[in-house]
Trainee: 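The structure follows.
In what follows, chains are A, B, ... by sequence order, proteins preceding strands, each numbered from 1.
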There are 2 protein chains.
Amino acid sequence: MARHLEFDEDAVLTSAMRAFRKDGYQRSSIKMLEQATGLSSGSLYNSFGGKDAIFQRAFAHYNETVVKRRIDTYLAGRPAKEGLTALFVSLLDEPGGGSVGCLLTNSAVEFAGGPCPAEADLKHGFALLRSAFEESLVSLPAANAERAASDALRLLVFYQGLLVMIRGGADKADLRKVIAHEIETIIGDINA
Amino acid sequence: MARHLEFDEDAVLTSAMRAFRKDGYQRSSIKMLEQATGLSSGSLYNSFGGKDAIFQRAFAHYNETVVKRRIDTYLAGRPAKEGLTALFVSLLDEPGGGSVGCLLTNSAVEFAGGPCPAEADLKHGFALLRSAFEESLVSLPAANAERAASDALRLLVFYQGLLVMIRGGADKADLRKVIAHEIETIIGDINA
DNA sequence: ATTATTTTAAAATTACCATTTTAGAAAGGG
DNA sequence: CCCTTTCTAAAATGGTAATTTTAAAATAAT
């Protein structure tokens, strides 16, 4: 047989993920991925197959780590209002002021013209968030299943818009107020 | 003196705008812009200066035509609820099912890492929408100026999120329901 | 220790991109 | 009618992209 891989795949995917989050798929060149991961292009191609494949793996890694952790940290076993507010506010306070970027938002926009190399992961990421929002909402005492499903999508729309406006340079304090209003009215409406 | 321009600048900007909306700045190569506009690269460079300049001009054109027309068509002299609903729903029904894309959304995301060649136009486009939303909301009988300003940003966040989710392939009927709920609660809240 | 096999690094390849240059065609003032 | 200016088209340039190939280093079973 032969030797083992010399690098930690998880660490490489995390680095690649960071590059894609910050600069998008197209602007992240192989050269930048070499610098970000510490691997040479030869190793990257040998280990993953190509840029598309690296992106796909990094995207899956994003869903499994960033998205799921975010859901777990803020929503799991917490009252809906408190958890959702904390989750949305946390988007404002990301290291670098949200400048890391959301792979879901970025990819939905970047690949709107054609197919995304991680199409399934994109859909899956959206579904993860939507289900988590829905689960949080149905836990409310006065919850209605059908309405929770619709409001979960509404929160997802709001979530994506928030990330766009953060990237667009909107004022953080203003957005904080907007988050409070949005969540209050959605939950207030359910309880009404 | 010398001869005149042989093409219609407005028509060229409209074509370039369409290309940028559909494929973004980076993916719209000069070759594609040649095909879209019918001009050769020589003429494009001679007339506009370069890709950045074409983008900037196309962006300004987008604000002046698409954004302003949209505001005028749906919000001018109409009750807030009716106008805003019509405006947001119209995003779903764009030719190609919203696949043309919004230059504001796309650019905010595409240029989040660095500077946008049309930075001022990007800010201006956001401001146009935000002011229009605000104006629509302050016209409500029970309006409060401060709250209207905040709710206008909230609508802008929602607007951007909607465009992301349209590009991300969300179900149109579901989004229609979400739009109705969002506008109803914002306006209901003001009247309450 | 040898050898087969894989990893790695670096150079080579191929393609495309933005831009410039060059050469030629088309005005409009004199 | 001519000649300068500006427009257009096409080829040329320089850079960078993704990927492949080549060669060397490393490893693990025999």
Trainee: Taking the side chain of A:Asn46 as heavy atoms from C-beta outward, which of C:dT7, D:dT8, D:dA11 is closest to it?
Mentor: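 My answer, after comparing the listed nucleotides, is C:dT7.
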Trainee: Atom CD of B:Glu34 and atom P of C:dT19: how far apart are they, to the nearest Å?
Mentor: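 That distance rounds to 13 Å.
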Trainee: Do the non-hydrogen side-chain atoms of B:Val178 and B:Phe158 ever get within less than 4.5 Å of each other?
Mentor: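 Yes; the side chains approach each other to less than 4.5 Å.
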Trainee: How would you list, by chain and number, every residue that makes a side-chain contact (heavy atoms from CB on, under 4.5 Å) with B:Glu82, sequence neighbours excluded?
Mentor: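 Listed in chain order: B:Arg78, B:Pro79.
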Trainee: Report the C-alpha distance between B:Tyr74 and B:Phe88 in whole Å, list the side-chain angles of each, state the deciding distance to 0.1 Å, and finish with yes or no for side chain to side chain contact (heavy atoms under 4.5 Å, CB included).
Mentor: CA-CA 9 Å; B:Tyr74 296 107; B:Phe88 282 99; over 6 Å; no
Trainee: What protein N or O atoms touch nucleotides 15-18 of chain C N or O atoms at under 3.5 angstrom, if any, and at what distances?
Mentor:
{"from": "C:dA18", "atom 1": "OP1", "to": "B:Lys51", "atom 2": "NZ", "distance (Å)": "2.6"}
{"from": "C:dA18", "atom 1": "OP2", "to": "B:Ile30", "atom 2": "N", "distance (Å)": "2.7"}

Trainee: For A:Lys123, which residues count as a side-chain contact (heavy atoms from CB on, under 4.5 Å) partner, sequence neighbours excluded?
Mentor: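 Partners of A:Lys123 under the side-chain contact (heavy atoms from CB on, under 4.5 Å) test: A:Glu119.
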Trainee: When you check the gap from the basic side-chain N to the acidic O, do A:Arg69 and A:Glu64 get nearer than 4.0 Å?
Mentor: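 No.
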Trainee: Using atom CG of B:Leu39 as one end and atom P of D:dT8 as the other, report the distance to the nearest whole Å.
Mentor: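 In whole Å, D:dT8 P lies 7 Å from B:Leu39 CG.
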Trainee: Of the nucleotides C:dA9, C:dT19, D:dA9, which one has an atom closest to the side chain of A:Ser43?
Mentor: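 So the side chain of A:Ser43 is nearest to C:dA9.
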Trainee: I'd like to check the side-chain contact (heavy atoms from CB on, under 4.5 Å) partners of B:Arg176; sequence neighbours left out, ordered by chain and number.
Mentor: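 Counting only residues at least two positions away or on another chain, B:Arg176 forms a side-chain contact (heavy atoms from CB on, under 4.5 Å) with B:Val89, B:Leu92, B:Asp93, B:Lys172.
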Trainee: More than 12 foreign heavy atoms under 6.0 Å from CD of B:Glu135: is that the case here?
Mentor: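 Counting other residues, nucleotides and ligands, CD of B:Glu135 stays at 12 neighbours or fewer.
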Trainee: Calculate the interatomic distance between A:Leu44 atom CG and C:dA9 atom C1'; express it in whole Å.
Mentor: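 Computing the A:Leu44:CG to C:dA9:C1' distance gives 12 Å.
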Trainee: Return the value, rounded to whole Å, for the distance between atom CD of A:Gln35 and atom P of D:dA17.
Mentor: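 So the CD-P distance, A:Gln35 to D:dA17, works out to 10 Å.
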Trainee: Rounding to 10°, can you tell me the angle the first-five-pair axis of the helix from C:dA1-D:dT30 to C:dA23-D:dT8 makes with its last-five-pair axis?
Mentor: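 It works out to 10° between the end axes.
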Trainee: Within this structure, what is the CZ-to-C1' distance between B:Phe48 and D:dT8, rounded to whole angstrom?
Mentor: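 That distance rounds to 14 Å.
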Trainee: Partners of B:Phe48 by ring-ring contact (aromatic ring centres under 6.0 Å, His included), sequence neighbours excluded?
Mentor: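 Checked B:Phe48 against ring-ring contact (aromatic ring centres under 6.0 Å, His included); zero matches.
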